[in-house]
Amino acid sequence: MSPGKVLQPVLKMKVDELFLCWLSQPATQLALKDCLRRIKNEEKAVISNGDSGNGKNDRFANKNPNSKQCILGDTGLSLSLSPPQLSTTLPLATPATPRNISNVRATRRSSGTRVVQTKKEETLPPSLSQNIPTFYFPRGCPKEKVNIDAVIAKIERTFSEFPNERATLEDMGKVAKACECPLYWKGPLFYCAGGERTGYVSVHKFVAMWRKILQTCYDDAAKFVHLLMNPGCNYLVQEDFIPFLQDVVNSHPGLSFLKEAAEFHSRYITTVIQRIFYTVNRSWSGKITCNELRKSNFLQNVALLEEEADINQLTDYFSYEHFYVIYCKFWELDTDHDLYIDRKDLARHNDHAISNRMIERIFSGAVTRGRKAQKDGKISYADFVWFLISEEDKKTPTSIEYWFRCMDLDGDGALSMYELEYFYEEQCQKLDNMAIEPLPFEDCLCQMLDLVKPQYEGKITLHDLKRCKLTDVFFDTFFNIEKYLDHEQKDQFSMLRDGEGESQEVSDWERYAAEEYDILVAEEAAGDQWNDGYEAELNPVDHQKASVLKYQMEKRPFFEMPSHLAGVDLDEYDYEEDFE
């Protein structure tokens, strides 16, 4: 096939295939037999009332019964294999004189008329679709009692308080409240109305924008997506969140200490964006839709930004302490400080606890799709955020999908016994090196099957793992030797009991982040320095933290393409402080 030539389906072959499939159905054959029987009876009635002196017609009528019985006694295939028999059912195909042909045509017209009249007399049942109410509302279910004019009047009164009825970004908090939106929607409202071009928003432009949103978007998820999305889209990509999160960094009291450390703005924003897509984008598409946003708790957390002055209490997305832990862990592995890590760097995580075979799978593209980094065999900080959260909390839906993708070597949607043995072999080698006798694979497999209880024998599906309450034990058994040994020291019933009791209050990730943050703060308090000789002090508890934020690291663009999801490039998000 020549380059550029596109394969096109042969429509006739497909139609013939579907026709033969339809013709071979028992119901089709019964219907054809019934039609032939009715045609037979009707033709008999027509011929008996016709020209009895026509010899050819008499012979035709005499031949009809036997030929019809032959057809009706066989399957539908006899219809296509017996042309003479078909001619008896179609009078126009029989040889006749002009006088006889006109007689037959008149007979067919009269008989056809009677059939049509019979069908017209049949009463059709009323269409059921008329009684089905609308149930699909991609932009939210319309509310009956929404007085748009009253909302617009309230917005106009708010704009009248500003000079020349123009609102700056600092004024948009009042406008957001007039729109009955959470406070930190002020940034998206400002930018959607074109404020970034002029530095202000006029009342007329804002009213026109908000009226259109009220008329087309009927819930908070649809409104938020409309405010942030690019024109012509109905979803959000990662760059769409940057202006919104930059406004949060600039104006939230819990992040005020970062005002003098602008080089960390982009890194904090990168972390929050990855956590948003990690939790909200359940389709792994890199595009957050209204439905995904509606099913998540993200908008509830945005509303809590106004009520909660301590940003660290919002642990799902915005916690600065969580960012601090993730970034410090990444910086420890990134020895050359190029903001990328390779296989050897990642292997040093948690004292080489992760197996080499699993690290190879992470870099294979199973869960990372970076156009830049993957070509060089590296992953960026955005990829590391997904890795660390998945590694420390293997009970969430996203983390289960993350590790399932890594272990599914052939991509068939199920973990076979071969794939389990492939990862377990390296675990046995590590145990041998530690002078610990490993459990035979057959015995280990029996334990894991009892733990997961797969629905189908011989394979473990993603659905099986999501039903299991001890997925962390399952995954650690095959690629994390340190945690595997920790699980071996615990009783299975106690682990199950702890998982049921604690998971509802504090997740494994929140517990890990809190412990690691306390350790890092203690090291900072003791005056410890990082390996490459610069001091790091980002403790938000310290009131003088802003004055000691003097990192001696190389400044470079930190927004790398979040390679988990789609062809998105966050390098376009530039800060002057990040470049020299």
Give a yes-or-no answer on whether the side chains of S390 and Y278 include a donor-acceptor pair shorter than 3.5 Å. yes
Closest non-hydrogen atom pair between M209 and A193, with its separation: CE-CB, 3.9 Å
With side chains defined as the heavy atoms from C-beta onward, is the minimum distance between L293 and Y235 less than 4.5 Å? no
Kindly say whether D383 contributes a backbone atom to a donor-acceptor pair with the side chain of T368 at under 3.5 angstrom? no
Side chain N41, main chain R38, donor-acceptor under 3.5 Å: no
Counting N and O atoms only, with roles assigned by atom type, does the side chain of D345 sit under 3.5 Å from a partner on the main chain of D342, one being a donor and the other an acceptor? yes
Side chain to side chain, V452 and R467, heavy atoms closer than 4.5 Å: no
Whether F387 and F384 hold their rings parallel, tilted or perpendicular, with breakpoints at 30° and 60°: tilted
Which residue in the set K395, K483, K394 passes salt bridge (charged side-chain N to carboxylate O under 4.0 Å, His left out) when paired with D508? K395
Does Q238 reach the side chain of Q274, with side-chain heavy atoms less than 4.5 Å apart? yes
Do D219 and K223 sit within salt-bridge range, that is, some charged N less than 4.0 Å from a carboxylate O? no
Are more than 12 heavy atoms, taken from residues, nucleotides or ligands other than K430, located less than 6.0 Å from that residue's NZ atom? yes
Closest non-hydrogen atom pair, Y424 against T477: CD1-O, 3.9 Å
Is it the case that the side chains of E292 and S283 hold a donor-acceptor pair, with the cut-off being a distance below 3.5 Å and no angle test? yes
Just by modelled atom types, is the V237 backbone N or O under 3.5 Å from a matching donor or acceptor in the D240 side chain? yes
Just checking F475 against F423, ring centres under 6.0 Å apart? no
Stepwise side chain to side chain contact (heavy atoms under 4.5 Å, CB included) test for L470 and D472: CA-CA 5 Å; L470 295 175; D472 55 334; 4.2 Å; yes
Determine whether the aromatic ring centres of W509 and W386 lie less than 6.0 Å apart. no
Applying side chain to side chain contact (heavy atoms under 4.5 Å, CB included), run through M448 and F478 and close with a yes or a no. CA-CA 10 Å; M448 293 300 103; F478 293 102; 3.8 Å; yes
Under the side chain to side chain contact (heavy atoms under 4.5 Å, CB included) rule, what do C406 and V367 come out as? Steps first, then yes or no, please. CA-CA 7 Å; C406 291; V367 288; 4.0 Å; yes
Taking side chain as C-beta onward, heavy atoms only, is I460 less than 4.5 Å from F404? no
Would you say D393 and T396 are linked by a side-chain donor-acceptor pair, where the criterion is simply a distance under 3.5 Å? no
Any side-chain heavy-atom pair from S399 and I389 closer than 4.5 angstrom? no
Within a strict 4.5 Å, meaning less than it, do heavy atoms of the K459 and P454 side chains meet? no
Euclidean distance, K466 NZ relative to I400 CD1, rounded to 0.5 Å: 7.0 Å
Surrounding NZ of K212 (heavy atoms of other residues, nucleotides or ligands, distance under 6.0 Å), is the total greater than 12? no
Of all the heavy-atom pairs spanning D316 and R275, show the shortest one and how long it is. O-NH2, 3.2 Å
Separation between OG (S364) and CD1 (I359), nearest 0.5 Å, reads 12.0 Å
Going by heavy atoms in the side chains, are T279 and F298 under 4.5 Å from each other? no
If only side-chain N and O atoms count, and only distance matters, is there a donor-acceptor pair under 3.5 Å linking Q427 with N480? no
Output, in order, the C-alpha distance, side-chain angles, deciding distance and verdict of side chain to side chain contact (heavy atoms under 4.5 Å, CB included) for Q215 and R211. CA-CA 6 Å; Q215 292 174 347; R211 183 186 294 275; 3.6 Å; yes
Reported CG-to-CG distance for the pair L236 and L227, which is rounded to 0.5 angstrom: 9.5 Å
Checking the side chain of D408 only, and the main-chain atoms of G413 only, is there a donor and an acceptor separated by less than 3.5 Å? yes
Of all heavy-atom pairs between A221 and C290, which one has the smallest distance, and what is that distance? CB-O, 3.8 Å
For D450, does its backbone N or O pair with a side-chain atom of K453 as donor and acceptor, under 3.5 Å? yes
If you measure from CD1 on I276 to OG1 on T271, what distance do you get to the nearest 0.5 Å? 11.0 Å
Of the non-hydrogen atoms in N281 and K287, which two are nearest, and what is the gap between them? ND2-O, 3.3 Å
How close do W210 and L189 get, heavy atom to heavy atom, and via which atoms? CZ3-CD2, 3.6 Å
Flag side-chain contact, heavy atom, 4.5 Å: N234 against V225: no
Can you tell me how far apart CG (L339) and NZ (K378) are? Round to the nearest 0.5 Å. 10.5 Å
Consider only side-chain N and O atoms of Y317 and N297, and report whether a donor and an acceptor are under 3.5 Å apart. yes
Think R361 forms a cation-pi with W403, using NZ or CZ under 6.0 Å from the six-ring centre and within 45 degrees of its axis? no
Can you confirm if the NZ or CZ of R357 lies within 45° of the ring axis of F479 and under 6.0 Å from the centre of its six-membered ring? no
Out of curiosity, L420 CG to C444 SG, how far, rounded to the nearest 0.5 Å? 8.5 Å
